[in-house]
Amino acid sequence: MSGIMSGAKSTGVKSTGNTPITTTSSRSNSAPWFVVRKALSARRATMLTAASFLLPLLIWSIVSYVPFIWHPKIEVVEPGSVSWFKPGMLVDRSVFSEQQALSREANTAQPEGFRANPVYLPAPHKVATAFFTSFTTEPKRRSEQWLHESLWHSITIIFWGFTLSSLIGVPIGILCGTYTAVAKINEPFIEFFRYLPAPAFGALAVAILGIHDGPKIAIIFIGTFFQQVLIVSNTTRKLDIALLEAALTLGAKKIQLLFRVVVPGILPDLYRDQRILLGWAWTYLIVAELIGTSSGITWFITQQARYKNFDNVFAAIIMIGMIGLLIDFLLGRLAKHLFPWEKSQGGI
Amino acid sequence: MSESIPEAILDKISKTTSQLKPQTESQAVSELPLPSYLEQSDAVAKRFEKLKRREVILEVKGLNKQFDTPQGAVVALKDIHFKTHRREFVCVIGPSGCGKSTLIRTLAGLESPSSGEVLLDGKPVFEPGPDRGMVFQGYTLFPWLTIKRNVMFGIEMQGASRATAESEALQWIDLVGLNDFINAYPHQLSGGMKQRVAIARALANKPRILLMDEPFGALDAQTRSKMQANLLEIWRNIDITILFITHDLDEAIYLADRILVLKAHPGEVNELIEVSVPRPRSAQQSISPEFLATKLRLEELIHPKDDDEDALPLQMVRMSEVGDDVEAVE
Ligand SMILES: Nc1ncnc2c1ncn2[C@@H]1O[C@H](COP(=O)(O)OP(=O)(O)O)[C@@H](O)[C@H]1O
Ligand SMILES: [Mg+2]
C-alpha cells in the first residue's frame with residue numbers, strides 16, 4: 001500500500017514541477033481536434049467543410065489524371081496490324097499487350113495507345129464541361145425534353161409526393177404521439193406496411209393511376225408516408241410531459257393542449273424530421289421515375305447511359321445532389337428565423 | 001432573548017450549518033438552553049388564532065396514494081389529513097422519496113388519489129384546473145413563447161381576449177420585476193428569473209392556492225434566499241394561500257406559518273408544526289431561539305438518530321504525505 005502511495009506521490013510532484021506554462025496563442029494552435037461534443041473553432045470548421053468536398057474530388061482527380069494509378073484500359077491511337085482495333089477504342093491492358101506481342105512476332109505494324117480509365121469513369125474536367133453543355137445540348141428527338149425541363153419535372157414529382165404525404169402523415173403522426181388510442185389503432189399496421197418496399201407497388205400504381213405522373217407521385221408518397229407517421233409520432237412523444245402538465249394546471253383543455261402546447265412544442269423537431277424525410281423522398285425519385293413512362297432526370301440519366309455519355313450521367317447525378325443540398329441549406333437557414341427560441345439548429 | 005446564548009456557542013452553530021453533518025449539528029444545538037418549539041409568544045399565538053378563524057381553502061381527507069409497479073405496489077401516501085386556511089403559508093417537508101411530489105401533484109389534480117379526497121373551498125377536485133396554480137422544480141416555461149406570452153397563456157386559456165391578457169400579464173411581470181425581459185425567450189433567462197416568471201404565470205390565473213414543488217431547489221444559495229424574500233413579499237401583498245414543498249429545513253422555517261412534516265415508507269404525516277418564529281421574518285432570525293428550537297425538532301423528525309444511512313463511517317486511509325496536514329496551523 002505504502003509503495004503504491006509513494007509512487008503516486010512522486011509522479012504527482014514531477015508532473016506539477018514540469019508542466020510548461022502555456023501561452024494563449026500556443027494553446028489555441030495545439031488545441032486537440034477530437035474532444036467529445038465540443039465545438040470547433042470557426043476556422044477549423046470551415047476547413048473541414050471544404051475538405052469534406054475536396055477530399056473525394058482529390059481522390060477522383062488522382063485516379064483520373066495520374067496515368068500509373070489504376071487506368072486498367074488502353075485507348076487505341078494507332079490500330080497497326082490488329083484488324084479489329086479502331087482508333088479511340090478502349091481495350092483491356094492484357095488484351096492490348098497480347099496483340100502487341102503477336103504483331104511483334106509477326107513483324108507487322110505494332111498497335112499504339114495510352115493508358116486510360118474505363119468509359120464509366122470520366123475525368124472531373126469532362127464532367128465539369130458536361131455540366132454546362134448538357135443544358136445547351138438540344139434533345140435528340142423532337143418529343144424529348146431539355147435537361148432543365150427534365151429536372152423541373154423531377155422536382156414537381158417530389159413536391160407533390162412529399163406534400164401529399166405530409167398533409168396526411170404529419171397530423172396522423174401528431175395524433176398518434178398525443179393519444180395512445182390513436183397510436184394503438186394505427187401504428188401496428190404502419191409498422192408492418194413500412195417494411196413493404198415502395199417500388200413493389202409500382203405495377204399496382206400504374207394499373208390504378210395510369211402511366212403518367214400519378215404512379216410516380218404515389219411511389220414517393222408510399223416511400224415517405226409510413227416512415228413519416230412513425231417518426232412524427234415519436235417526436236411528439238418526446239415532448240416534455242411537464243410542459244403539458246404545466247398547461248393543464250394553467251387551465252388548458254383538450255383542443256388547446258393540442259394546438260397551443262403539443263404543436264408549437266414539437267415544431268422545431270418536426271421541421272428537422274421533415275428535412276430528413278425530404279431527403280428520403282429524393283432517394284425514391286429514381287425508382288418512381290422508372291415506373292410507367294420513364295421521365296425527369298432519371299429518363300435523362302438512363303438515356304445518356306445508353307449512349308455511353310457517362311460524363312452527362314455524372315453531371316446529372318451531381319446536379320441531384322446539389323439541388324438536395326441547396327434545398328436543405330435553405331431550409332436550415334429558414335429554421336433560424338422560424339424558431340428564434342431554439343438555441344441551435346442542426347444542419348450544415 | 002438571544003443575548004442569553006454564549007457567543008462561542010453561536011459561533012459554533014453558524015460554522016456547522018453545513019448539511020453534511022446533521023448529527024454533529026443537532027448535537028451542538030441540543031447542548032443549548034433552548035425553549036420548546038411549541039412555546040409561542042403572545043403575538044405569535046394571536047396570529048395563529050386569527051389564522052385559524054379564516055375560512056378553509058384546502059382540505060385533505062384520508063388521502064391514500066398507491067402506485068402499481070411491476071415490482072409490486074408502492075404506497076406513496078398513507079392516510080393524509082390536513083387543512084389550509086386562507087392566506088396561510090404551509091410548507092411540506094420530509095426526506096426525499098417520502099411522497100411530497102405525489103402529494104402536491106394529487107392536490108393539483110395531476111394524479112388521482114387511490115382513496116380519500118381533496119376539497120378546494122369545500123368542493124372535491126378531480127382534475128387540474130386554473131384555481132390551483134403550480135410552480136414546478138424543473139423550469140416548465142414554454143420555450144417557444146416570450147416571457148409576456150408565457151404569462152398570458154393561462155389568462156388566454158380562461159377565454160380572455162388578447163388585449164386583456166396582455167395588460168394583465170404586464171402587471172404580473174411588473175410584480176416580479178422582469179419588465180426588461182418581456183420579449184425575451186425563457187432560454188435567455190437565469191434560473192431564478194425563470195422561476196419568477198413561473199410564479200407570475202401561475203398567479204396570473206388568480207388561483208385560490210399556489211402549489212410549489214421545491215421551486216428553488218435548483219438555484220444557488222444566494223439566488224435562493226433572494227427568491228425566498230421575494231416570495232414572502234408577494235405573499236404579503238396578494239390574497240393567496242401557498243403550499244410549498246422543500247427539503248431545506250431553514251427554508252421551511254423561514255417561509256412557513258405551519259410545517260407539515262412527512263415521514264417515508266409509507267408517506268405519512270409525522271407532525272404539523274406551528275412555527276413560533278414571529279413575523280415579519282428576516283434572515284437574522286435564523287439564530288433566534290425559536291428558529292433553532294423549531295429546527296432542532298425538525299431534525300429529530302427527519303433524521304432520527306437510529307436509522308441514518310448516510311452517517312456510516314468512512315473507511316479513511318491516509319493518501320497524503322505525513323506532515324502535509326491541511327488543517328494544521330503550522
Ligand atoms: N409514477 C410513479 N410510479 C411508481 N412509483 C412512483 C411514481 N411516482 C412516485 N413514485 C414513488 O412514490 C414515492 C414518493 O415519490 P415522490 O412523491 O416523488 O417523493 P418526493 O417528492 O418526496 O421525493 C417514491 O418511492 C417513488 O418511487
Ligand atoms: Mg419531489
Side-chain angles (χ1 to χ4, degrees), chain A residues 1-17 174 178 235-236 238-273 334-346, chain B residues 101 104-105 107-111 125 127-147 149-160 183-189 197-198 201-207 209-213 317-322 324:
Chain A
M1 184 76 188
S2 68
I4 296 169
M5 282 308 131
S6 63
K9 187 201 74 189
S10 67
T11 51
V13 169
K14 202 188 264 174
S15 70
T16 42
I174 292 177
T178 311
T235 294
T236 310
K238 274 200 228 116
L239 180 69
D240 188 359
I241 189 134
L243 293 179
L244 291 168
E245 291 181 341
L248 281 171
T249 63
L250 290 167
K253 292 284 173 285
K254 278 185 174 171
I255 292 291
Q256 294 167 323
L257 219 48
L258 189 60
F259 286 102
R260 299 289 300 268
V261 184
V262 175
V263 173
I266 65 165
L267 217 48
D269 287 331
L270 179 64
Y271 188 86
R272 214 163 307 159
D273 289 346
L334 187 61
K336 287 211 172 74
H337 297 279
L338 288 177
F339 313 116
W341 64 89
E342 281 281 283
K343 269 165 271 180
S344 67
Q345 270 286 329
Chain B
S101 295
I104 206 164
R105 287 170 58 81
L107 301 182
L110 294 170
E111 304 275 1
V125 301
E127 52 178 22
D131 49 2
R132 283 148 290 141
M134 177 117 172
V135 176
F136 301 80
Q137 173 172 6
Y139 311 116
T140 56
L141 299 181
F142 303 120
W144 59 92
L145 297 179
T146 59
I147 300 317
R149 298 296 306 276
N150 258 288
V151 179
M152 285 165 65
F153 186 91
I155 313 171
E156 286 182 291
M157 290 301 119
Q158 311 318 305
N183 291 320
Y185 284 98
H187 80 259
Q188 297 168 301
L189 303 189
V197 179
R201 183 178 70 170
L203 289 176
N205 268 341
K206 304 197 183 73
I209 187 165
L210 183 63
L211 306 170
M212 307 179 86
D213 188 359
V317 177
R318 174 186 279 272
M319 295 195 194
S320 64
E321 271 179 277
V322 176
D324 185 14

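When reading the values below, keep in mind they use all heavy atoms of this one structure, side chains included, and skip hydrogens, waters and symmetry mates. Letters A, B, ... are given to chains in the order of the sequence lines, protein chains preceding strands, and every chain is numbered from 1.
Here B/M157 contributes atom CE and A/L257 contributes atom CG; the two are 9.0 Å apart, rounded to the nearest 0.5 Å. We find the OG1-CG distance between B/T140 and A/L244 to be 11.0 Å, quoted to the nearest 0.5 Å. Taken from CD in A/E245 to CE in B/M134, the straight-line distance is 7.5 Å, to the nearest 0.5 Å.
Looking at B/L145, there are no atoms closer than 4.5 Å to chain A (heavy atoms on both sides), in backbone or side chain.
Residues A/L248 and B/L110 approach most closely at CD1-CD2, 4.2 Å, considering heavy atoms. Of all heavy-atom pairs between B/Y185 and A/P340, the closest is OH-CG, 3.4 Å. Across all non-hydrogen atoms, the minimal contact from A/G265 to B/W144 is CA-CZ3, 3.4 Å. Closest non-hydrogen pair, B/F153 versus A/V261, comes out as CZ-CG2, 3.7 Å. For A/G251 against B/P130, the heavy-atom pair with the smallest separation is CA-CD, 3.8 Å. Between A/T249 and B/P128, the closest heavy-atom pair is N-CB, 4.2 Å.
Per-residue counts of heavy-atom pairs under 4.5 Å with chain B were compared for A/P264, A/A247, A/A252, A/A242; the largest is that of A/P264. With respect to chain A, the highest number of heavy-atom pairs below 4.5 Å among B/G129, B/A202, B/P186 belongs to B/G129.
Residues A/L250 and B/R201 have side chains in contact (heavy-atom distance under 4.5 Å, counting atoms from C-beta outward).
The main-chain N or O of A/W341 is found under 3.5 Å from a side-chain atom of B/H187 such that the two form a donor-acceptor pair.
When the shell of 6.0 Å around CG of A/L338 is examined, it contains more than 12 heavy atoms from other residues, nucleotides or ligands.
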